[in-house]
2 protein chains.
Amino acid sequence: MLSDRQQMILNAIVDNYIHSAEPVGSRTISKRDDIGFSSATIRNEMSDLEELGYLEQPHTSAGRVPSTKGYRFYVDNLIQPHLLEEAELGKLKQLFAERILHSEQVVEYTAQILSQLTNYTAIVLGPEIFEHRLKHIQIVPLNETQAVAIVVTHTGRVENKLIDLPEGIGAGEIERLVNLLNGKLTDVPLWQLRQRLYQEISGEMQRHTEQYEEILQFLNNSLTQEEERVYLRGATKILNQPEFRDVDKVKDILELLEQHDQLLNVIGMQGDGLTVRIGQENQLDAIKQCSIITTSYSLGGKPVGMVGILGPTRMEYGKVITVLNHLAEGLSRMLTSQFEK
Amino acid sequence: MLSDRQQMILNAIVDNYIHSAEPVGSRTISKRDDIGFSSATIRNEMSDLEELGYLEQPHTSAGRVPSTKGYRFYVDNLIQPHLLEEAELGKLKQLFAERILHSEQVVEYTAQILSQLTNYTAIVLGPEIFEHRLKHIQIVPLNETQAVAIVVTHTGRVENKLIDLPEGIGAGEIERLVNLLNGKLTDVPLWQLRQRLYQEISGEMQRHTEQYEEILQFLNNSLTQEEERVYLRGATKILNQPEFRDVDKVKDILELLEQHDQLLNVIGMQGDGLTVRIGQENQLDAIKQCSIITTSYSLGGKPVGMVGILGPTRMEYGKVITVLNHLAEGLSRMLTSQFEK
DNA sequence: TTTAGCACTCGATAAGCATGAGTGCTAACA
DNA sequence: TGTTAGCACTCATGCTTATCGAGTGCTAAA
């Protein structure tokens with residue numbers, strides 16, 4: 001275990017490095033107000049800390065830099081509660097006050113704010129409300145051969161798809177089908193839809209089943225499969241970091257972020273609460289120089305989505321964690337109050 | 001006017017520079033198979049071309065580089081028809097064969113292919129079908145106070161929004177309203193909706209107007225305003241270009257591309273046909289080191305959207321233009337055949 | 001009109017050197 | 001015994017200088 005003084009010094013080093021982005025030397029630390037030891041003493045301690053794996057030295061005559069293990073200890077034990085500024089709190093409050101009803105917009109706006117507040121890249125996922133229940137099905141014919149199928153869930157989510165109509169089908173028949181579907185399937189959870197669809201409907205409409213095949217297919221496919229909505233904001237913020245002034249270093253990261261389907265792997269829906277993955281702890285090679293902090297937000301106590309921040313390992317952990325906690329809490333409250341009606 | 005030989009040399013220089021990214025010298029040109037002159041002769045001509053503003057010299061002892069004017073001449077007069085490879089044509093064909101019905105998916109996929117084929121950044125806009133006509137309105141109540149309003153246009157586009165219901169409104173009343181709206185407004189072009197809405201409906205339903213205010217507002221606002229759909233793919237391709245190996249040089253470009261609402265300014269819905277904007281010719285400062293090639297695609301002869309490529313001024317103009325032309329033509333054919341039913 | 005020849009320019013690369021931030025170790029001190 | 005002053009040592013950084021060579025412009029000959 002680290003002595004109090006070692007912790008104090010480690011804390012000072014991480015703190016300094018986070019703000020300066022330069023390897024920190026013993027003298028810099030000894031000059032700090034909160035440290036009352038000479039540079040020589042600090043040097044000895046730093047040497048020990050390096051031996052223990054908490055620090056690294058880019059080269060002999062340079063200062064020292066926290067290792068992944070060092071950051072990990074800092075995050076787990078040393079981090080100090082960060083107070084948000086008035087203006088920052090204001091922005092968050094404003095977000096929650098905003099009367100945006102569609103979840104997509106909330107998510108998008110959240111990512112925006114998050115990136116603005118932290119100056120890092122924000123990734124926001126969800127909300128995935130797993131217990132979508134079917135509220136309404138509608139089929140609107142456009143012409144002889146095409147129609148739009150629309151499905152509304154009880155949470156207000158709307159999905160739609162252009163479909164081809166079976167040949168020779170009439171408006172009356174479509175209406176009957178729609179009525180039947182609505183009658184039988186309202187309030188059925190989406191995940192049961194596949195099963196119920198064929199069970200209830202195709203029994204009743206045996207003679208038409210073939211004709212309706214495509215329509216049923218649509219309902220079956222595009223509704224039971226959850227579409228993950230990921231929003232990314234401030235991807236280019238990483239370019240402001242001095243350790244990423246080299247194009248080769250950022251290229252992989254930006255390319256990764258550009259593939260939206262990869263983003264899920266990046267923020268990796270794992271733990272429900274606050275998760276910090278530091279540098280090497282990340283699975284993906286492209287972001288082994290980065291840290292990712294995520295937390296989940298919930299609806300009625302049940303986690304439904306995630307908010308996350310991607311930044312350099314030399315990240316303002318304290319601030320980011322505070323912001324994320326505030327945000328997740330606010331979002332949860334907002335969602336819950338909105339849908340509990 | 002430039003002599004034949006001058007044109008030949010300018011062409012060779014642009015051609016070389018596009019592929020090498022290095023200032024080209026007289027000897028390099030004289031060694032080319034298609035040039036039968038000594039380096040000295042080339043030097044004289046190059047000197048003249050520089051005086052005329054077609055070439056620039058980074059410094060005295062370097063080769064020369066095309067100026068904006070030089071590229072312009074190249075694009076307008078010298079460009080040679082570019083033949084696409086079998087594999088490239090295949091990818092395009094595959095795109096058009098794809099039976100994707102929703103326009104958003106087509107657009108997204110188009111951007112993807114475009115970026116893959118050219119190795120530059122692709123921006124795709126639309127399709128904006130300006131004569132959307134209303135096909136169907138639906139209001140699905142979710143609970144006592146909320147409902148989803150859904151609008152379908154005759155082209156199959158679906159818009160939806162969560163709205164608050166006026167207090168004490170019943171299911172029956174909503175249905176009456178919806179029926180009224182559908183009865184009166186079907187086939188009305190969206191741009192007329194605002195006017196017709198208040199004119200026809202509010203007359204008829206005077207006593208309810210206040211209650212329905214929000215619903216009418218939704219229809220009024222979110223439907224008459226065209227939402228531009230812009231898709232961006234391959235934004236990070238610019239990082240492969242040797243002239244953009246400096247983070248400071250790409251930062252502004254990537255930040256611009258990140259703001260989706262700015263993209264319209266980038267590809268700038270101007271001319272209908274093929275447009276090439278080279279370096280300095282661009283309005284936005286961030287992309288004065290880039291060239292943008294755009295063209296429009298159409299539905300039934302009427303331009304409805306744009307496809308564009310953003311790359312360095314040192315761009316493979318010939319290839320990009322060919323690809324864009326193919327693509328626009330194919331898209332137009334595809335759209336037209338799909339909607340003419 | 002073309003081209004061979006040659007002096008000249010100037011960025012890029014490398015080598016040499018001074019600087020200074022930072023270290024590790026030792027010995028003296030409280 | 002823990003702390004610190006002192007000092008030799010290391011090594012990245014920045015500066016200067018020298019060399020190299022790709023490329024030019026000009027002149028004179030073919």
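In what follows, every heavy atom counts, from backbone to side chain, and hydrogens, waters and symmetry copies are set aside. Just so we're on the same page: letters track the sequence lines, and every chain starts at 1. Remember, predicted model here, so these are calculated numbers, not experimental data.
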Self-check item: Residue whose nearest DNA chain C nucleotide is more 5′ - Thr28(A) or Thr41(B)
Solution: Thr41(B)

Quiz item: In terms of side-chain geometry, is the basic nitrogen of Arg314(A) or Glu243(A) positioned less than 4.0 Å from the acidic oxygen of its partner?
Solution: yes

Exercise. For the side chain of Arg43(B), starting at C-beta, report the closest nucleotide among dG25(D), dG22(C), dG23(D).
Key: dG25(D)

Exercise. Assign Arg64(A) to base, sugar-phosphate, or nothing according to its heavy-atom contacts below 4.0 angstrom with the strands shown.
Key: sugar-phosphate

Self-check item: Nearest-angstrom distance from the residue atom CD1 of Ile29(A) to P of dT23(C)
Solution: 10 Å

Quiz item: If you look at every strand shown and take non-hydrogen atoms under 4.0 Å, does Thr60(A) touch a base, only sugar-phosphate, or nothing?
Solution: sugar-phosphate

Quiz prompt | From dT4(D), dT3(C), dT24(D), nucleotide with atom closest to Asn44(B) side chain | solution = dT3(C)

Quiz item: Where the side chain of Ser61(B) is concerned, which of dA22(D), dT3(C), dG22(C) is the nearest nucleotide?
Solution: dA22(D)

Exercise. Could you tell me the separation between the NZ atom of Lys31(A) and the P atom of dA21(C), rounded to a whole number of Å?
Key: 9 Å

Quiz item: Do you know which two heavy atoms are closest between Gln262(A) and Leu284(A), and how far apart they sit?
Solution: OE1-CD2, 4.4 Å

Exercise. State which of dG22(C), dT9(C), dT3(C) makes the closest approach to the side chain of Ser38(B).
Key: dT3(C)

Quiz item: Counting only heavy atoms not in Arg27(A), do more than 12 fall under 6.0 Å of its CZ?
Solution: no

Quiz item: Out of dG24(C), dT3(C), dT10(D), which has the shortest distance to the side chain of Phe37(B)?
Solution: dT3(C)

Quiz item: Whole Å only: how far is the CZ atom of Arg27(B) from the P atom of dG5(C)?
Solution: 13 Å

Self-check item: Atom-pair distance (CG on Asp48(B); P on dT1(C)), nearest Å
Solution: 12 Å

Quiz item: Counting only side-chain N and O atoms of Ser39(B), is one of them less than 4.0 Å from OP1 or OP2 of dT3(C)?
Solution: no

Quiz prompt | Nearest-neighbour nucleotide for the Ala40(B) side chain, dT2(C), dT3(C), dG25(D) considered | solution = dT3(C)

Quiz item: Quick one: does NZ or CZ of Lys69(A) land under 6.0 Å from the six-membered ring centre of Tyr54(A), within 45 degrees of the ring axis?
Solution: yes

